[in-house]
Amino acid sequence: MKLGEKIKQLRNDAGLTQPELADKAQIEQSYLSKLENEKGTPSFEVISKIAAAFNMETMALVDSLDMKYLHESFAHLPEIAIKLEERKLLHRAKFRRGYILSAFLVVFGIAMVILGESNTIFPESVYEYKSMGLIKKGELNNHYYLHQLREIAETREQSIERMKKNIPRINEELLLTRSYKGEGFVEGYGPQRRYFELTNVRPVESPWKDLYKIFGFIMLASGCFGLGYLLKFMK
């Protein structure tokens with residue numbers, strides 16, 4: 001808003017005529033008329049008199065005017081030039097904060113989308129490993145297999161005898177994990193051990209993946225919008 005428009009608005013809101021306002025501000029009515037029609041450039045003293053007529057602080061009246069208008073019409077007045085510089089510094093600080101926040105949203109949004117697509121954070125499979133029982137020292141990892149052990153050149157009779165002896169030793173243990181541990185792995189149990197063999201791979205969908213991607217896209221879009229707004233309207 002320009003000064004003339006603001007004076008006219010304040011005068012109408014106060015229910016004052018031009019002669020009444022001119023009298024309160026101690027200026028000529030003809031000069032007031034020029035100011036309201038933007039045909040004159042008042043001094044800071046005149047602006048102060050008009051503000052006082054409305055029981056306003058001078059800078060409150062100045063602050064209500066458009067920044068661009070102040071630069072074009074009143075930057076030559078020292079008091080207003082100082083105010084404009086303060087506004088400029090505040091504007092820069094606001095721009096800097098907005099830029100940092102928007103950039104953070106863009107970076108964080110991209111990171112969340114990448115995490116949502118990552119199978120490391122959200123594996124798409126559950127791996128099922130099974131151990132048939134404890135294995136003693138000197139026995140092979142496949143000691144509980146239901147076939148002949150070629151590694152030790154086991155005969156059919158020896159294989160049947162081994163399986164018979166294993167029956168009371170069978171103590172199944174199932175392990176479900178989202179981490180692939182190979183086709184099989186060994187875990188120690190004191191002097192004995194267990195051999196876990198991969199028996200099944202089950203697909204699984206995590207709702208967190210979609211949530212991460214949704215929030216990531218929201219943050220990314222918000223950050224891009226913020227950067228666009230700042231560069232277009234606040235540069």
Quick one, [X] and [Y] - any side-chain contact, counting heavy atoms below 4.5 Å?
X: Gln192; Y: Lys136; value: yes
X: Gln158; Y: Ile152; value: no
X: Phe54; Y: Leu61; value: no
X: Tyr31; Y: Pro42; value: yes
X: Phe74; Y: Ile47; value: yes
X: Ile50; Y: Leu35; value: yes
X: Val113; Y: Phe217; value: yes
X: Asp63; Y: Arg87; value: yes

Contact summary for Ser73 and Thr41, nearest pair of heavy atoms: O-CG2, 3.7 Å

Using a 6.0 Å cut-off, check whether atom [atom1] of [X] has over 12 heavy atoms from anything other than its own residue.
X: Lys213; atom1: NZ; result: yes
X: Lys34; atom1: NZ; result: no
X: Tyr144; atom1: OH; result: yes
X: Glu151; atom1: CD; result: yes
X: Phe44; atom1: CZ; result: yes
X: Glu57; atom1: CD; result: no

Could you tell me whether the side chain of Asp23 and the main chain of Pro19 form a donor-acceptor pair under 3.5 Å? no

Would you say Lys24's side chain and Ala53's backbone share a donor-acceptor pair under 3.5 angstrom? yes

Does any donor atom in the side chain of Glu128 or Thr199 lie under 3.5 Å from an acceptor atom in the other side chain? yes

Glu38 side chain to Tyr69 side chain, donor-acceptor N/O pair below 3.5 angstrom: yes

In terms of relative ring orientation, are His147 and Tyr145 parallel, tilted or perpendicular, with 30° and 60° separating the classes? perpendicular

Describe, in one word, how the ring planes of Phe185 and Phe196 are oriented to each other, choosing from parallel (under 30°), tilted (30 to 60°) and perpendicular (over 60°). parallel

Among Lys165, Arg169, Arg162, which one satisfies salt bridge (charged side-chain N to carboxylate O under 4.0 Å, His left out) with Glu139? Arg169

